[in-house]
Asks: 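What follows is a structure written as structure tokens; I'll ask about it next.
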Amino acid sequence: MIEKYNPQEIEKKWQEKWYSSDVYRARDFDVNREKYYLLAEFPYPSGDSMHMGHARNYTEMDSLARLRRMLGQNVLYPMGWDAFGLPTENYAIKMKRPPQEITKENIAAFTRQLKAMGFSFDWSREINTTDSGYYKWTQWIFLQLYKKGLAYKAEMPINWCPKCKVGCANEEVIDGKHERCGTEVTKKKLNQWVLKITEYADRLADELDETDYWESVKARQRNWIGRKVWYDIEYPVEGTNVKLKVSTTRPDTQFGSTFVVIAPDAEIVDLLLKYIPAEKRDEVSDYINESKKKTEEERTAGEKEKTGVDTGLRCKNSITDKSLPIYLADFVLPTVGTGMVVGVPAHDKRDFVFAKKYSLPIIRVVEGPNGDRGEIDSVEKVYEDEGLIFDSGFINNLGSVEAREKMGEYIKEKNIGEVVIRYNLRDWIFSRQHYWGEPIPIVHCPKCGVVPVSENQLPVELPKVKSYEPTDTGESPLANIKEWVNTVCPICKGEAKRETDTMPNWAGSSWYFLRYLDPKNSEAFADMDKMKYWMPVDHYEGGSEHVTLHLLYSRFWYKVLSDLKLVPGLEPYKKRTIHGVVLGEGGVKMSKSLGNVITPDGLLDRYGADVTRAYLMFMGPYEGDVVWSTETINGVNRFVAKFFVFLQKAWEQRDTKGGASREVAKLAKKVQNDLLSFKFNTVISSLMQFYNSVQGKVFSTEDIEKIILIVSPILPHIAEELWSQTGHEFSVHSQHWPEIESNLLIDDSVSIPVQINGKVRGKIQISPRASEGEVVEILKQQEFFVKVFACKEPKRIVYVPGKIVNIVQ
RNA sequence: GCAGGAAUGGCGGAAUAGGCAGACGCGCGGGACUUAAAAUCCCGUUCUAGAAAUAGAGUGAGAGUUCGAUUCUCUCUUCCUGCACCA
């Protein structure tokens with residue numbers, strides 16, 4: 001009995017059966033199978049529906065998980081919830097409801113959707129970062145960092161978002177604006193918890209070599225860490241005992257220096273002020289005040305006009321012995337190097353612009369290509385590349401690289417400076433002045449000072465409160481809850497107060513991949529033996545927006561835990577890939593305000609899960625952005641419906657005596673190879689092509705069983721239904737991938753093109769094992785060959801076995 | 001500026017240990033079915049010339065290597081992503 005394709009009838013039925021069985025369960029310590037840990041970034045359950053992007057990523061990874069199980073691997077493909085964070089808190093404030101409740105509802109909605117998509121997650125390992133049983137261990141890991149001296153509290157100017165009333169990490173500020181709400185960020189001095197990620201900067205950069213991440217991912221991590229060699233050189237300020245410590249990465253250009261510039265907000269400026277000549281003093285302090293008023297954005301916006309002020313002071317370049325004027329200018333940033341730079345206008349565009357404006361001399365010391373030592377008289381001619389050094393005393397006639405080495409030795413020898421390695425990466429500001437996050441497990445005691453909460457007192461639970469609103473003072477809303485804040489000191493048992501800051505939403509996600517291995521453990525964050533079995537994550541799939549921050553933070557935590565011998569190995573993830581983004585129709589971002597959001601729910605109602613999944617895979621390459629098209633999904637829908645009926649018909653009309661066919665063997669190989677190399681879009685086209693090419697063919701029983709197996713990672717519901725209809729036992733997803741008989745992959749006879757001078761002029765039918773001589777014999781019988789070579793011999797015949805013939809005339 | 005990537009029909013995209021460019025799908029054109037429409041099915045669809053067979057051109061531009069280049073090398077252009085007055 002052939003049924004029409006009706007996804008509603010078959011999908012729900014099989015989902016219920018899957019999720020009440022253990023077909024997708026990963027087995028700890030299974031030594032008979034190779035383990036494979038496939039991790040897709042867990043979602044932040046905000047709102048009542050997941051995004052199409054989630055659906056696409058989980059679909060693609062799901063097909064891989066299913067294939068790998070069939071290939072005999074013990075696959076761990078888990079799912080959980082990264083549920084702490086601002087959107088939920090903001091929504092809670094707006095609705096005047098507790099974030100706990102909202103989170104619970106959102107998770108329920110996401111769970112329903114993920115199950116309706118038919119994903120093969122091992123739901124027995126589900127985790128939630130906001131469960132106290134989970135964040136107990138987030139807090140515990142924080143205490144290990146604290147005990148190792150990697151967490152400290154510091155009064156530091158932080159980026160403060162006046163709208164969200166929250167401190168933001170440097171990483172959360174884009175173009176001077178809070179990345180979440182777009183509000184201009186101001187500076188505020190607050191006492192903050194900070195994690196010393198810079199202590200691991202070298203290892204975070206170097207140990208990337210241990211991994212198999214995509215090159216683009218490695219490059220972005222290295223770029224973000226931004227390791228550079230700096231040369232700090234002391235210049236004595238004339239007429240004082242103050243020494244300026246100028247910093248440069250290009251000491252090879254020292255002999256071209258003609259001035260010194262200090263950031264107006266560098267600390268040393270206070271010290272210099274008293275030496276500034278009286279007639280200059282007003283001008284200088286005006287300038288300092290003015291630049292303080294500028295926002296970070298105004299100050300760093302492009303290469304605009306350079307402003308500055310002459311301090312009237314001079315210093316001596318201790319390398320060249322030349323006297324240089326000292327300026328203050330806000331194009332120099334206090335956080336870069338020492339906040340003091342040496343001006344070399346011939347070899348730095350900014351310095352050139354500044355020198356022109358203040359009529360300072362320009363001295364060239366690096367030779368350009370072809371021995372160019374011409375005068376630098378315009379910005380375009382400024383030579384910033386490396387080259388042969390001239391007019392430069394003891395580094396004369398050296399290349400830039402050797403000149404820097406020599407300079408490094410020189411300043412050490414003369415004790416006038418040092419070579420320092422600096423990073424772009426800053427320490428990680430770990431405090432948030434918000435309610436919906438993990439409480440930082442620290443107590444402030446008037447007698448004992450900062451005291452960590454004892455480990456047996458964990459978790460420090462988030463108290464239920466009436467108001468979640470952040471305060472204007474910069475204190476966490478937790479500070480208002482007296483009965484929670486007031487506690488006893490773990491050491492002296494005297495009265496003490498709890499830390500009221502909470503952790504950023506990066507905390508829970510920095511180690512979640514470990515909790516999947518042992519989600520219910522109450523004695524440790526995870527059992528060491530289980531970690532030894534499953535770690536590292538074999539493939540970590542996620543968005544490009546997490547390649548710098550989340551990836552770096554979680555690698556940092558892993559390395560700390562590794563140093564404490566609490567986890568195996570040095571790196572948490574073996575491979576990292578980045579998926580593209582699903583855009584709305586017309587190539588714009590899907591957003592509520594544009595009204596172009598397409599949710600999985602609508603698609604599941606209309607097309608069902610298998611069609612939705614096939615379309616999401618078909619849309620475009622894994623790593624590329626894809627644009628939603630309602631018309632294209634119709635094409636996929638047509639195909640899936642036809643294919644379903646076709647397979648039923650093929651079963652009815654099957655040849656019960658036949659064996660394996662070439663077409664099916666080739667399809668198995670193609671689907672397997674393409675899935676394993678993330679070419680999900682061509683997997684779907686291969687199925688379509690297969691369908692188009694086998695119309696009218698009668699398949700054997702074996703063949704049809706194989707087709708169902710081949711299709712099962714891609715159209716899991718249809719495959720399960722057909723597996724059952726063809727009289728097999730549940731479940732198709734516990735079966736083995738069809739064996740591919742390699743002799744079936746080679747054709748007996750192939751049609752190959754014949755080119756004359758590189759242009760296709762005809763085709764010949766040959767055996768792929770034919771010798772060149774045999775091929776030439778066949779060629780000589782061809783009309784198109786005789787026509788050209790009737791009365792002359794070809795110059796040369798190139799035969800590539802089984803591929804092509806090219807004749808040179 | 002630095003780093004990473006990309007450029008192929010009307011559109012999304014296939015094809016690279018160098019070997020038939022445009023698979024597959026959408027859209028479009030024509031036809032069948034229908035009173036009609038939708039749905040479905042069949043045929044066609046890179047461009048130019050031609051009724052057709054066929055011929056020529058063709059993978060951002062220009063050179064090179066090769067019997068043969070979308071694929072490799074060099075130079076350039078444009079675009080995307082990330083970082084950046086980072087000295």
Asks: I need the minimum non-hydrogen distance between A:Gly339 and A:Val332, along with the two atoms involved.
Replies: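 Residues A:Gly339 and A:Val332, closest heavy atoms: O-CG1, 3.6 Å.
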Asks: I'd like the P distance from B:A15 over to B:U54, given in whole Å.
Replies: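 29 Å, rounded to whole Å.
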Asks: Whole Å only: how far is the OH atom of A:Tyr423 from the C1' atom of B:A87?
Replies: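 Those two atoms, OH and C1', are 19 Å apart.
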Asks: Say you pick atom P in B:G56 and the same atom in B:A32; how far apart are they, in whole Å?
Replies: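 Here B:G56 and B:A32 have their P atoms 37 Å from each other.
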Asks: Please check the phosphate of B:A15 (OP1 and OP2 only) for any side-chain N or O of A:Lys679 closer than 4.0 Å.
Replies: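 Indeed, a polar side-chain atom of A:Lys679 lies that close.
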Asks: Does OP1 or OP2 of B:G19 have a side-chain N or O of A:Lys759 closer than 4.0 Å?
Replies: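 Checking B:G19 against A:Lys759, no side-chain N or O comes under 4.0 Å of OP1 or OP2.
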Asks: I'd like the P distance from B:C41 over to B:A52, given in whole Å.
Replies: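 The same atom, P, in both gives a distance of 28 Å.
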Asks: Measure the shortest side-chain to side-chain distance between A:Glu60 and A:Leu616 over non-hydrogen atoms and say whether it is less than 4.5 angstrom.
Replies: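 Side-chain contact under 4.5 Å: no.
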Asks: Which value, in whole Å, describes the distance between the C1' atoms of nucleotides B:U78 and B:G68?
Replies: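 Approximately 29 Å lies between the C1' atom of B:U78 and that of B:G68.
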Asks: What about A:Lys803: does its side chain form a donor-acceptor pair under 3.5 Å with the base of B:C20?
Replies: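 Looking at the base of B:C20, it does not pair with any donor or acceptor on the side chain of A:Lys803 (distance under 3.5 Å).
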Asks: Using only side-chain N and O atoms of A:Arg796, determine if any of them is under 4.0 Å from OP1 or OP2 of B:C67.
Replies: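 Result: yes.
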Asks: If you compare every side-chain N and O of A:Asn223 against the phosphate oxygens of B:G4 (OP1, OP2), does one of them come in below 4.0 Å?
Replies: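 A:Asn223 to B:G4 OP1/OP2: no side-chain N or O under 4.0 Å.
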Asks: Taking A:Arg350 first and then A:Glu384, would you say they form a salt bridge - that is, a charged N and a carboxylate O separated by under 4.0 Å?
Replies: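 No, this pair does not count.
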Asks: C1' atom, B:U65 versus B:G18: distance in rounded Å?
Replies: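 One C1' to the other, the span is 11 Å.
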Asks: Any N or O donor-acceptor pair linking the side chain of A:Lys306 to the base of B:C85 at under 3.5 Å?
Replies: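 A donor-acceptor contact between them is present.
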Asks: If pairing requires Watson-Crick or G-U wobble contacts with both distances under 3.5 Å, which nucleotide is the partner of B:C76?
Replies: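 Looking at the geometry, B:C76 pairs with B:G60.
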Asks: Round to the nearest Å and state the distance from A:Phe643 atom CZ to B:U40 atom C1'.
Replies: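 Between C1' of B:U40 and CZ of A:Phe643: 20 Å.
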Asks: Using the P atom as the point on both nucleotides, what is the distance between B:U70 and B:G19, in whole Å?
Replies: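 B:G19 and B:U70 have their P atoms separated by 10 Å.
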Asks: Using the P atom as the point on both nucleotides, what is the distance between B:G82 and B:C11, in whole Å?
Replies: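 26 Å, rounded to whole Å.
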Asks: Taking the same atom, C1', in B:G50 and in B:G27, what whole-Å distance lies between them?
Replies: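 It comes out at 27 Å once rounded to the nearest Å.
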Asks: Is A:Arg350 side chain donor-acceptor paired with the B:A87 base, going by distance under 3.5 Å alone?
Replies: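 For A:Arg350, whose side chain was compared with the base of B:A87, there is a donor-acceptor pair (under 3.5 Å).
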Asks: Does the distance from a Lys or Arg side-chain N to an Asp or Glu carboxylate O, for A:Asp209 and A:Arg222, drop under 4.0 Å?
Replies: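 Result for this pair is yes, salt bridge flagged.
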Asks: Centres of the A:Tyr358 and A:Phe259 rings: under 6.0 Å?
Replies: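 They do not qualify: ring centres at least 6.0 Å apart.
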Asks: What form does the base of B:G12 take, syn (within 90° of 0) or anti?
Replies: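 Nucleotide B:G12 adopts anti.
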